[in-house]
Protein chains: 2
Amino acid sequence: MRDEPSHTKATRADWIAAALDTLISDGVDQVKVLTLSEKLEVSRSSFYWYFKSRQDLLDTLLEHWQATNTAAMVAQAEAPAASISVAVCNVFRCVVDPALFNIALDFAVRDWARRSGAVRRVLDLGDTARIRALAAMFVRYGYEAAEAETRARVLYYMQIGYNDADLREPMEERMRQAPMYLKVFTGREPEPEATESLRAYVEALGAANPPA
Amino acid sequence: MRDEPSHTKATRADWIAAALDTLISDGVDQVKVLTLSEKLEVSRSSFYWYFKSRQDLLDTLLEHWQATNTAAMVAQAEAPAASISVAVCNVFRCVVDPALFNIALDFAVRDWARRSGAVRRVLDLGDTARIRALAAMFVRYGYEAAEAETRARVLYYMQIGYNDADLREPMEERMRQAPMYLKVFTGREPEPEATESLRAYVEALGAANPPA
DNA sequence: GGAGGTCTGGACAGTCATGTCTAGACACCT
DNA sequence: AGGTGTCTAGACATGACTGTCCAGACCTCC
C-alpha cells in the first residue's frame, strides 16, 4: 500500500503517514506508538524524538485533516458550473476522487469525534463551513434560502450516510444511478451533459487507478 | 440514567445493560470487564461466571442489536399511511422516539462495524433489509422501482448522516424544517396533515420526557 | 440444619501499552 | 581526526487489562 523506507531511518513524516493509515483503518484507539514502530521497523523510543507524546501525534493528525478536507469540499461547492446539476456533480467528485478529498480520513475523524469533545468541536466547525458553502451553491442557482439550506443538508448528510453504510458498492453501479440522485437532490430534471461530464471524469480516474 | 442495583448482586442482564451503555457512549474498545465491574460495584471475576470471555459479551451485544432495531424500522416503513408524506413521517419516528428505536445503539454498532469484518457483515444485512422496506414503501405510493430505490437510499442514508453529524440540533428546529425535508424526500408537496401528526407525536413525546 | 448449586472477592500470572534514560551509531562540517 | 547535532536501540519503571484459581458467602430445597 505504501512504500516502506526499506530499513533506514524513519522521518517525522513517516510516523505521521503510518499513524494516518492506522487511524483510517483501525480508529484512534489503535494508533499506538508500539504498533507504529513495528510497522516502520524502528525502535519505539525513536518516536519520542519527533513527538512529545502520543497526544502530540494525535493533535498533529487532527491539524492535518483540518488543513485539507474542508477546504477541498468548499472549493468544489464554489466551482463555476453551467447548472445546478453540474454543480452537484462537482461536489460528487469529493466522494469519488481520493486525490481531491480523503474521504476515508473524514470518516476516521468523524469516528474519533464521537469520543472526544475537543475533536467534536473541530469537526463541527468543518461541517458548518461545508453546509454553508453547499447552501450558497443552491442559492446561486435560484433556490430560496430555506430550500437551499434543506437541500444542502440532504446532499451533505446523505453523502456521509451513504459512504458510512456502503463504501463497497462498485463505482459503475453508482454512476448508473447518478441521474436519479441528481433529480432527487435538485428537484429538477438533470441535463444529460451533467452526468456525462461526471462519467468522463470517473472513467479518467479509473484509468489512472486501475481496479486491483 | 439507570437505577443501579444498590449493592446486591449483579445479574447477567445488569452486565449487558452496563456494556450497552458504555458501547453507546464510548465505543467497543472501552467495553472492558474491569470498567464494567467498577460501574456495577462488583468484583471483576464475577463477570466470568456469566460470560465465557469478553468476546462472548460482545457477541451478546450484537445479537441484542440485531433483534431490536432493524425489525423496528421495517415495521415503521410498513405501517399503513394515507400518503407518502405520512409514511415518511412514520419513518422519522425512528429518529425521534427512543422507545421505538435505539438510534444511539445503531450508531455505536455502525462504529464497531468499521473495525470488525464480522460485525460489518451483520450490519450489512440490516441495512439491506431496511432499504428494501423503504423502497417498497415508495412503490406502494406510486413511485417507479428505480426512483423508489433511490429515494429510499437518500432517505435512509440521510438519516444516518444527519444524526452522525448533528445529534445536538434542538427538536423544535427539526420540526420547523420538516415540511421542506418531506418535499425533498418525496418530490411532492406534503399535505399539512402529514407534519401536523408528526408534530403532535413529538409533543406528546416531549411531555413524556421533559427536557432536562 | 445440612448439602449443593449459585455467585462473589481477592490473589496471581501474563500481556501489552506508555514514557524515561543512557549509550552509542551515523553524517557532516571544520 | 575530532566535535557536534541528529537519530536510534535496548533496558527499566509503571500501570492497565484479561483470564484463572480457590476459598467462602448466600440461598434454596430437602
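Residue numbers begin at 1 in each chain, while the letters A, B, ... track the order of the sequences.
Regarding A/Leu40, its CG atom lies at a distance of 15 Å from the P atom of D/dC7, rounded to whole Å. Atom P of nucleotide D/dA16 and atom CG of B/Leu36 are separated by 17 Å, given to the nearest angstrom. Between A/Trp49 atom CH2 and D/dA9 atom C1' there is a gap of 16 Å when expressed in whole angstrom units. Computed from coordinates, the A/Asp29 CG to D/dA16 C1' distance equals 14 Å when rounded to whole Å.
Side-chain atoms of B/Arg151 and B/Thr186 include no donor-acceptor pair closer than 3.5 Å. With no hydrogens or angles considered, a side-chain donor-acceptor pair links A/Thr11 and A/Asp14 at under 3.5 Å.
Note on A/Arg110 versus A/Asp127: salt bridge recorded, some NZ/NE/NH1/NH2 to OD/OE distance being below 4.0 Å.
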Look for any protein N or O under 3.5 Å of an N or O in nucleotides 16-19 of chain C and output each such pair with its distance, or none.
from: C/dT18; atom 1: OP1; to: A/Val33; atom 2: N; distance (Å): 2.8
from: C/dT18; atom 1: OP2; to: A/Val33; atom 2: N; distance (Å): 3.4
from: C/dT18; atom 1: OP2; to: A/Leu34; atom 2: N; distance (Å): 3.3
from: C/dG19; atom 1: OP2; to: A/Tyr48; atom 2: OH; distance (Å): 3.2
from: C/dG19; atom 1: OP2; to: A/Arg54; atom 2: N; distance (Å): 3.2
from: C/dG19; atom 1: N7; to: A/Arg44; atom 2: NH1; distance (Å): 2.8
from: C/dG19; atom 1: N7; to: A/Arg44; atom 2: NH2; distance (Å): 3.4
from: C/dG19; atom 1: O6; to: A/Arg44; atom 2: NH2; distance (Å): 2.4

Distance-only check: which donor-acceptor pairs under 3.5 Å involve side-chain atoms of residues 88-104 of chain B, not counting sequence neighbours?
from: B/Asp97; atom 1: OD1; to: B/Ala99; atom 2: N; distance (Å): 2.9
from: B/Asp97; atom 1: OD2; to: B/Tyr201; atom 2: OH; distance (Å): 2.7
from: B/Asn102; atom 1: OD1; to: B/Ala104; atom 2: N; distance (Å): 3.4
from: B/Asn102; atom 1: OD1; to: B/Leu105; atom 2: N; distance (Å): 3.1

Open item on the list: A/Arg130 vs A/Asp106, test: salt bridge (Lys or Arg N to Asp or Glu O under 4.0 Å). Steps then yes/no.
Closed with: CA-CA 13 Å; A/Arg130 295 172 191 194; A/Asp106 228 60; 2.8 Å; yes

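Residue-to-nucleotide contacts include no donor-acceptor pair under 3.5 Å from the side chain of B/Ser46 to the base of C/dG9.
Note on ring orientation: taking the six-membered ring where Trp is involved, the planes of A/Trp15 and A/Phe47 are perpendicular (angle over 60°, cut-offs 30° and 60°).
The phosphate of C/dT6 has neither OP1 nor OP2 within less than 4.0 Å of any side-chain N or O from B/Tyr50.
The side chain of A/Ser45 sits closest to D/dG10 out of C/dT8, D/dG10, D/dT8.
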